[in-house]
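Excluded from the calculations below are hydrogen atoms, water molecules and symmetry mates; all remaining heavy atoms, backbone and side chain alike, are included. In this chain, numbering begins with 1 at the start of the sequence shown. All of these numbers come straight from a predicted model, not from anything done at the bench.
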Amino acid sequence: YLFRGTTFLLIATAIGSFARTSLVSLCVLFLLYFIYSVGKRTKIVLACLIGGAILLNTVPDSWKERMRTIETHQQDASASSRISVWLWTLDFAEENPYGGGFGSYRANSISVLGQIEKGRAYHSIYFEVLGEHGYLGVGIFLMIYLLSLKRARSLYLTTRNNPDEEWFPELSKAIFLALSMFMVGGAFIGIAFQPFGYFFVAMVLCIGNFYDRSISL
């Protein structure tokens, strides 16, 4: 009950942040959880329907208006600035294939709905790494997370039918979902060097090493 309550509070916090990224990430999370939760899909669908109905009847109109701007990002200053920064980063990377170092976003100058703005943050883990560390850096970054995703999924698929290790596939699946959310949500937030992403990577290494040792005994 403690973990379920914590999950509810985390979802409520994500919605209460008014961040469109939170809504996109939650939708992807429920989709992945539906795919990887064989035998519980009916409950997941019912929970989503009930939760969605409660959400639409309790959130303020300002939240709904904020979420509608996902479809009309061309008229939204925040969304338009992100796209402009991403396009600037691609041009910057062509001229600086090894990146410009930490804080290189301060060099940008972009047009947002007719206004010139300078020093806008990357608002994406991928463009953040590309702008700061170039093609090599973003290649290493993607390799770390994609290999971690693959390993977590492999551990889940390998152990999910083993009744003696019921906790192991659940932990592997949880880490897989957490990594997926980091990579989806991170596409719109500049958190490439925040520690919790690397905590997930370290957890994959730890449980993978534990599994390899356990089968060798």
Side-chain angles (χ1 to χ4, degrees), residues 10 14 17 19-29 31-32 70 73-74 76-112 116-157 171-212:
L10 290 173
S17 68
R20 292 162 295 190
T21 302
S22 298
L23 180 61
V24 174
S25 298
L26 284 174
C27 290
V28 174
L29 174 62
L31 175 61
L32 289 174
I70 294 176
H73 61 272
Q74 296 89 345
D76 182 73
S78 176
S80 296
S81 67
R82 295 185 186 195
I83 295 174
S84 297
V85 169
W86 296 345
L87 293 174
W88 175 88
T89 305
L90 292 175
D91 293 334
F92 181 78
E94 286 188 14
E95 298 178 3
N96 303 272
Y98 298 105
F102 291 110
S104 55
Y105 68 89
R106 295 187 179 92
N108 67 48
S109 178
I110 60 175
S111 176
V112 181
I116 301 298
E117 298 188 12
K118 298 182 179 181
R120 292 301 299 261
Y122 293 109
H123 287 293
S124 170
I125 56 177
Y126 308 109
F127 288 97
E128 180 183 4
V129 178
L130 176 62
E132 294 182 347
H133 303 289
Y135 293 108
L136 178 61
V138 77
I140 295 173
F141 181 81
L142 287 172
M143 182 177 65
I144 290 172
Y145 281 98
L146 290 176
L147 289 177
S148 297
L149 270 175
K150 181 181 178 181
R151 179 62 165 159
R153 183 175 182 273
S154 175
L155 288 168
Y156 165 71
L157 295 176
L171 178 58
S172 302
K173 181 174 69 174
I175 297 174
F176 174 80
L177 294 177
L179 279 167
S180 300
M181 289 304 94
F182 175 80
M183 297 190 73
V184 171
F188 309 99
I189 308 175
I191 53 174
F193 302 106
Q194 295 294 321
F196 58 84
Y198 298 97
F199 289 159
F200 297 140
V201 173
M203 290 178 70
V204 172
L205 293 173
C206 289
I207 65 172
N209 186 56
F210 176 86
Y211 176 76
D212 292 338

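- Contact check for F193 versus V129: side-chain heavy atoms found under the 4.5 Å cut-off.
- Note that the CH2 atom of W88 and the CG atom of D91 stand 9.0 Å from one another [nearest 0.5 Å].
- The side-chain heavy atoms of L179 and V204, taken from C-beta on, include a pair separated by under 4.5 Å.
- Among residues at least two apart or in separate chains, side-chain hydrogen bond (donor to acceptor under 3.5 Å, both in side chains) pairs with a member in residues 95-105 are S104-Y122.
- Note that CG of L155 and CZ of F210 are 11.5 Å apart. Values are rounded to the nearest 0.5 Å.
- Side chains of V28 and S180 form no contact here, defined as non-hydrogen atoms less than 4.5 Å apart.
- W86 approaches H123 most closely through the heavy-atom pair CZ2-O, 3.6 Å.
- Considering CD of E132 and OG1 of T89, their distance stands at 9.5 Å, rounded to 0.5 Å.
- Minimum heavy-atom separation, N108 to R120: ND2-O, 2.7 Å.
- From I207, atom CD1 reaches atom CD1 of I175 across 3.5 Å, with rounding to the nearest 0.5 Å.
- Between the CD1 atom of I191 and the CZ atom of F196 there is a distance of 4.0 Å, given to the nearest 0.5 Å.
- In this structure S25 satisfies the side chain to side chain donor-acceptor pair (under 3.5 Å) test with no other residue, sequence neighbours excluded.
- For the pair A187 and I125, the tightest heavy-atom approach, listed with the atom from each and the gap, is N-CG1, 4.3 Å.
- The distance from atom CG of L147 to atom CG of L142, rounded to the nearest 0.5 Å, is 10.5 Å.
- Looking at E94 and Y135, their side chains come closer than 4.5 Å, going by heavy atoms from C-beta outward.
- Nearest heavy atom pair, residue I116 against residue S109, reads CG2-OG, 3.5 Å.
- Evaluated for a ring pair (Phe, Tyr, Trp, His ring centres under 6.0 Å) with F182, the options F200, Y145, Y126 yield exactly one hit, Y145.
- Two residues are said to be in side-chain contact when any heavy atoms from C-beta on lie closer than 4.5 Å; F127 and L90 meet this criterion.
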